[in-house]
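Scroll down for the structure; my scribbles are underneath it.
One is the number of the first residue; the rest follow in order along the sequence.
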Amino acid sequence: MTTPSVLGPVGERVPDVERIAVLRANALGDFIFVLPALEALRAAYPGAELVLLGAPWHAVLWRDRPGPVDRVLVVPPAPGIRDAGPDEPPAELADFLAAARAERFDLAVQLHGGGANSNPLVAGLGARFTAGLRAEGAPPLDRWIRYVYYQHEVIRYLEVVALVGASATTITPALAVTDADRAEARQVLGVPERPRVALHPGATDTRRRWPADRFGEVARALVGDGYEVLVTGTPAERETVDAVVVAAGVPVRPQVGTLSLGGLAACYAGCALVVSNDTGPLHLAAAVGAPTVGVYWIGNLINGATPLRARHRPIASWTTHCPVCGVDCTPGIYPHRPGDGDCPHRDSFVADVPAVEVVEAARELLAD
């Protein structure tokens with residue numbers, strides 16, 4: 001039986017649920033997208049323990065942090081689940097599953113993609129009931145919804161938890177910032193003497209990177225407007241951050257690996273604006289309440305950009321053909337269209353976004 005809700009039908013709740021496992025073991029931005037689904041599960045099963053099956057960084061993030069996650073079980077590296085960290089000791093998936101079965105989960109929810117690799121893992125937990133996504137060819141769970149690539153990620157996962165009676169309570173991801181986070185950010189960055197803006201020019205996928213010289217133009221404009229400008233990045237993004245600093249030609253503050261994830265959350269929460277490529281820190285900034293300007297490839301805008309506009313401005317590149325070889329890069333999703341849908345090039349797909357559009361959006365939000 002189903003009942004109506006704002007986002008469509010909601011299935012019956014699973015009876016007598018004391019412990020819920022949720023698989024979501026990938027990157028930062030991917031995790032931010034499931035926060036509303038976790039909140040919906042918490043509201044539907046308020047007495048149950050909610051255990052996230054995640055990566056080591058999830059365990060660090062959720063240590064003493066208020067929110068829907070009660071505990072994290074770290075899933076070992078496995079194909080289609082997650083890659084190993086640089087200093088991570090080897091572990092066997094079979095051993096993890098044996099220990100997880102001893103937890104006696106009542107409900108296991110797969111929020112980890114199409115299910116080719118993740119559905120067998122979730123089924124192997126031995127939970128009384130399973131639910132999740134299913135792409136063509138993936139094994140089914142007890143209740144499942146078809147994985148369709150072009151769908152906003154937040155709504156995708158809300159539809160999944162609705163299968164087990166968890167109605168949406170919000171569509172806006174939110175992450176709590178702790179006093180420890182704020183203390184770390186204050187220790188590293190000091191107390192601001194003027195409003196701060198953060199730029200994040202990195203992204204794991206180089207096709208999502210807006211050119212460093214454009215970020216430099218934005219930095220130059222905002223420093224001229226009287227803002228203190230931070231340029232954040234991971235250690236792997238140091239070269240990109242350095243290029244932005246050089247391109248800016250004005251005093252900015254690079255912050256490469258100086259903050260933990262919690263400290264970075266507090267840093268962004270204290271900023272008047274965050275300007276970023278479509279990558280985890282952009283979604284983190286929005287989740288802790290910072291206004292954002294994001295530079296998106298159009299396909300990723302469909303799947304990941306916030307629908308809210310009072311505090312957020314996603315700016316899209318409409319490029320669909322590789323800027324190097326010209327191949328149409330959509331047929332992987334739409335196989336009846338011309339072209340082979342893929343190419344080896346990883347040049348930026350967002351380089352056509354002019355700096356003036358980002359500067360105008362930034363100034364509009366800052367004026368508000």
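Atom OH in Y157 sits 11.0 Å away from atom NE2 in H152 (nearest 0.5 Å). The CD atom of E88 lies 10.0 Å from the CG atom of D83; values are rounded to the nearest 0.5 Å. Separation of atoms CG (L23) and CZ (R82) is listed at 11.0 Å; rounding is to 0.5 Å. Atom CG of residue N300 and atom CG of residue D205 lie 8.0 Å apart, to the nearest 0.5 angstrom. Interatomic distance, L259 CG to Q187 CD, rounded to the nearest 0.5 Å: 10.0 Å. The distance from the OG1 atom of T178 to the CZ atom of R63 is 12.0 Å, given to the nearest 0.5 Å.
By the 4.5 Å heavy-atom criterion applied to side chains, N277 and F215 are counted as neighbours. The shortest distance between side-chain heavy atoms of I20 and V51 does not fall below 4.5 Å. A heavy-atom distance below 4.5 Å is found between the side chains of D225 and L222. Inter-residue side-chain proximity for L35 and T170 is flagged as unmet; no heavy-atom pair is nearer than 4.5 Å. Within the 4.5 Å cutoff, the side chain of R311 has no heavy atoms near those of the T306 side chain. Considering only heavy atoms from C-beta on, S317 comes within 4.5 Å of V353 through its side chain. A heavy-atom distance below 4.5 Å is found between the side chains of L189 and R196. Side-chain contact check for I315 versus W210: every heavy-atom pair is 4.5 Å or farther apart.
In R346, the CZ atom is crowded: over 12 heavy atoms of neighbouring residues, nucleotides or ligands sit closer than 6.0 Å. Within 6.0 Å of atom CD in E18, 12 or fewer heavy atoms from other residues, nucleotides or ligands are found, so the atom counts as exposed in its surroundings. Within 6.0 Å of the CG atom in D368, the count of heavy atoms belonging to other residues, nucleotides or ligands exceeds 12.
If you chain together hydrophobic residues whose side chains sit under 4.5 Å apart, V177 and V60 never meet in one group. F129 is not connected to L121 by any chain of hydrophobic side-chain contacts under 4.5 Å among Ile, Leu, Val, Met, Phe, Trp and Tyr, and they are in different clusters. Both F349 and Y149 belong to a common hydrophobic cluster when Ile, Leu, Val, Met, Phe, Trp and Tyr are linked at side-chain heavy-atom distances under 4.5 angstrom. By the rule that hydrophobic residues join a cluster once side-chain heavy atoms approach within less than 4.5 Å of another member, F96 and L111 end up as members of separate clusters. Residues L133 and L141 do not share a hydrophobic cluster, clusters being chains of Ile/Leu/Val/Met/Phe/Trp/Tyr side chains in contact below 4.5 Å.
P235 and G257 get closest at one heavy-atom pair: CD-CA, 4.1 Å. Nearest approach of V245 to P254, heavy atoms of both residues: CG2-CB, 4.0 Å. Minimum heavy-atom separation, R309 to P314: NH2-CG, 3.3 Å. Between G263 and A185, the closest heavy-atom pair is O-CB, 3.7 Å. Nearest heavy-atom pair, A176 versus D181, reported as atom, atom and distance to 0.1 Å: O-OD2, 4.3 Å. Taking all atoms of both residues into account, the shortest heavy-atom contact from A290 to C271 is CB-O, 4.4 Å.
Using modelled atom types, no side-chain atom of R220 and backbone atom of G249 make a donor-acceptor pair closer than 3.5 Å. Between the side chain of R24 and the backbone N or O of L52, no donor-acceptor pair lies under 3.5 Å. With hydrogens and angles disregarded, no donor-acceptor distance shorter than 3.5 Å links the side chain of T292 to the backbone of V274. A distance-only check finds no donor-acceptor pair linking the side chain of T279 to the backbone of P281 [under 3.5 Å]. At distances below 3.5 Å, not a single donor-acceptor pair connects side-chain atoms of E364 with backbone N or O atoms of A367. In this structure a side-chain-to-backbone donor-acceptor pair under 3.5 Å is missing from Y268 to A287. R42 contributes no side-chain N or O that, together with a main-chain N or O of A37, makes up a donor-acceptor pair within less than 3.5 Å. Judged purely by atom type and a 3.5 angstrom limit, N119 has no side-chain atom pairing as donor or acceptor with the backbone of P140. Of the possible polar contacts, none joining the R313 side chain to the V358 backbone as a donor-acceptor pair under 3.5 Å is found. Here the side chain of R207 pairs no donor or acceptor atom with the backbone of H345 at under 3.5 angstrom.
At a cut-off of 3.5 Å, with distance as the only test, a side-chain donor of T258 or Q255 sits close to an acceptor on the other residue. There is a side-chain donor-acceptor pair under 3.5 Å between H283 and D278. Under the 3.5 Å distance criterion, with hydrogens and angles disregarded, a donor-acceptor pair is assigned to the side chains of S260 and E184.
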- Where do H112 and V122 land on the side-chain contact (heavy atoms from CB on, under 4.5 Å) test, with the steps shown first? CA-CA 10 Å; H112 196 87; V122 167; over 6 Å; no

Evaluate L175 against R65 for side-chain contact (heavy atoms from CB on, under 4.5 Å), listing each step before the verdict. CA-CA 9 Å; L175 185 73; R65 186 175 304 277; 4.0 Å; yes

message = For a side-chain contact (heavy atoms from CB on, under 4.5 Å) check, start with the C-alpha distance between E193 and E228, then their side-chain angles and the critical distance, and finish with the verdict.
response = CA-CA 8 Å; E193 297 180 358; E228 178 187 18; over 6 Å; no

| request: Determine, stepwise, if the pair V164 / L41 fulfils side-chain contact (heavy atoms from CB on, under 4.5 Å). | output: CA-CA 9 Å; V164 292; L41 284 170; 4.1 Å; yes

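Exactly one residue among L107, D70, V109 makes a side-chain contact (heavy atoms from CB on, under 4.5 Å) with L50. That residue is D70.
A salt bridge between D106 and R128 is present, with a side-chain N of the basic residue lying under 4.0 Å from a carboxylate O of the acidic one.
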